2 protein chains.
Amino acid sequence: MKILYHPAAEEIQLGSVLYALSDPTRLCLVHTIAKQGEQSCSTFEVPIAKSTLSHHIRTLREAGIVRVRIQGTQHFVSLRTEDLEVRFPNLLSTILQAAQNHTMTEEL
Amino acid sequence: MKILYHPAAEEIQLGSVLYALSDPTRLCLVHTIAKQGEQSCSTFEVPIAKSTLSHHIRTLREAGIVRVRIQGTQHFVSLRTEDLEVRFPNLLSTILQAAQNHTMTEEL
DNA sequence: TCTATTGTTCGATAACAATCGAACTAAATG
DNA sequence: CATTTAGTTCGATTGTTATCGAACAATAGA
């Protein structure tokens with residue numbers, strides 16, 4: 001079984017987090033997870049190839065934004081809310097609030 | 001005299017803001033302006049060519065993060081704190097707080 | 001008017017990123 | 001064991017970006 005790399009909470013870099021969330025597709029994924037909780041990759045409703053989705057999930061994981069848990073053939077993705085809160089207080093919630101009010105109501 | 005494009009407050013895009021701030025050089029510039037207030041481009045102490053600095057300032061300006069005011073031969077750069085606060089409450093301060101505690105004390 | 005000063009723009013380069021489809025891997029299930 | 005399901009990885013393509021130096025533009029000052 002594959003072991004997936006996750007940065008430790010204290011290794012999470014601000015630049016990587018901001019970069020990961022600057023992509024509309026990834027922000028949409030994060031927004032969806034924030035609303036609906038942990039879910040497997042196959043349940044995301046985004047109009048992209050599965051290899052591209054895999055790439056985006058990986059970017060989010062390596063940035064420290066999501067945790068990926070393997071169960072059978074499925075990969076369950078959840079937000080690292082507490083880790084991010086400790087490292088960068090209010091950052092995630094503030095960005096999600098901003099996304100809620102603007103980005104998500106217009107595009108994607 | 002050149003007229004510089006600035007997006008209106010309500011046109012500022014979250015993705016563009018996050019992207020602009022994900023670059024370490026640009027985050028450093030914004031952090032400096034936040035600490036020291038408006039200043040001209042020539043006062044930034046960053047180890048890059050002036051054409052590169054010009055490019056970064058432009059990226060920040062077009063993202064809606066800074067306002068550039070021309071006075072003589074100098075370009076004075078300031079944060080669009082209020083505009084950003086209205087559009088994305090707490091976003092800038094939260095990111096700057098995160099940068100203060102981590103990024104800026106380690107690198108650059 | 002000549003010369004600094006300040007910054008932009010241009011052209012080139014090198015690195016990186018988003019995207020896709022095809023091939024692959026691993027687990028569950030018939 | 002064969003098949004389906006769920007994702008990853010690879011190779012290719014296309015586009016973007018960070019960087020530099022050189023040339024340019026505009027203003028201020030001698």
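The chains referred to below are lettered A, B, ... by the order of the sequence lines, with proteins before strands, and numbering in each begins at 1. All values derive from a computational prediction rather than experimental measurement.
Per the geometry, CG belonging to Asp23(B) stands 17 Å off P belonging to dA15(C), to the nearest Å. At whole-Å resolution of the value, CD1 in Ile48(A) and P in dC20(C) are 7 Å apart. Between Ile70(B) atom CD1 and dT27(D) atom P there is a gap of 9 Å when expressed in whole angstrom units. The distance from atom OH of Tyr5(B) to atom P of dT8(C) is 17 Å, rounded to the nearest whole Å. Rounded to an integer number of Å, the gap from NE2 of His75(B) to C1' of dG7(C) is 5 Å. Separating the CD1 atom of Ile57(A) from the C1' atom of dG7(D) is a distance of 11 Å, rounded to the nearest angstrom. Between the P atom of dT9(D) and the CD1 atom of Ile3(A) lies a distance of 13 Å, rounded to the nearest Å. The distance from atom CG of Leu29(B) to atom P of dT19(D) is 10 Å, rounded to the nearest whole Å.
Residue Ser40(A) has no polar side-chain atom (N or O) positioned under 4.0 Å from OP1 or OP2 of dA6(D). Side-chain N/O atoms of Arg58(A) include none lying less than 4.0 angstrom from OP1 or OP2 on dG7(D). One finds a side-chain N or O of His56(B) lying less than 4.0 angstrom from the OP1 or OP2 phosphate oxygen of dT19(D).
To the nearest 0.5 angstrom, Phe88(B) atom CZ is 5.0 Å from Leu14(B) atom CG. Taking OG1 of Thr43(B) as the start and CD of Gln74(B) as the end, the distance is 8.5 Å to the nearest 0.5 Å. Taking OG1 of Thr25(A) as the reference point, atom CD1 of Ile57(A) lies at 10.5 Å (rounded to 0.5 Å).
Counting any heavy atom pair closer than 4.0 Å across all strands shown, Ser42(A) reaches sugar-phosphate atoms only and no base atom. Nucleic acid contact class of Ser54(A) (heavy atoms, under 4.0 Å, all strands): base. Phe76(A) comes within 4.0 angstrom of no nucleic acid atom, judged by non-hydrogen atoms across all strands.
Applying the side-chain contact (heavy atoms from CB on, under 4.5 Å) test between Val77(A) and each of Ile65(A), Val30(A), Ile33(A), Leu60(A) identifies Ile33(A) as the sole match.
Computed from C1' positions of five pairs at each end, the angle between the two local axes of the helix from dT1(C)-dA30(D) to dG30(C)-dC1(D) equals 10°, rounded to 10 degrees.
Nearer the 5' end of DNA chain C, as judged by each residue's closest nucleotide, is the contact made by Gln74(B), out of Gln74(B) and Gln71(A). Checking Lys50(A) against Gly72(A), the closest nucleotide of DNA chain C that is more toward the 5' end is the one next to Lys50(A). Mapping Thr59(B) and His55(A) onto DNA chain D by nearest heavy atom places His55(A) closer to the 5' end of the strand.
You'll find the side chain of Thr59(B) reaches within 4.5 Å of the side chain of His55(B), heavy atoms only.
Heavy atoms only, all atoms of each residue included: Pro89(B) and Thr94(A) are closest at O-CG2, 3.4 Å.
In the set dG21(D), dT27(D), dA26(C), dT27(D) carries the atom at the smallest distance from any side-chain atom of Thr73(B). The side chain of Tyr19(B) has dA18(D) as its nearest neighbour among dT9(D), dA18(D), dC20(D).
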Quiz item: Can you check side-chain contact (heavy atoms from CB on, under 4.5 Å) on Leu29(B) and His31(B), steps first, answer last?
Solution: CA-CA 5 Å; Leu29(B) 293 174; His31(B) 183 252; over 6 Å; no

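At a threshold of 4.0 Å, the pair Glu11(A)-Arg87(A) does not count as salt-bridged, since none of the basic side-chain nitrogens sits closer than that to a carboxylate oxygen.
With hydrogens and angles ignored, a donor-acceptor pair closer than 3.5 Å exists between the side chain of Ser51(B) and the base of dG21(D).
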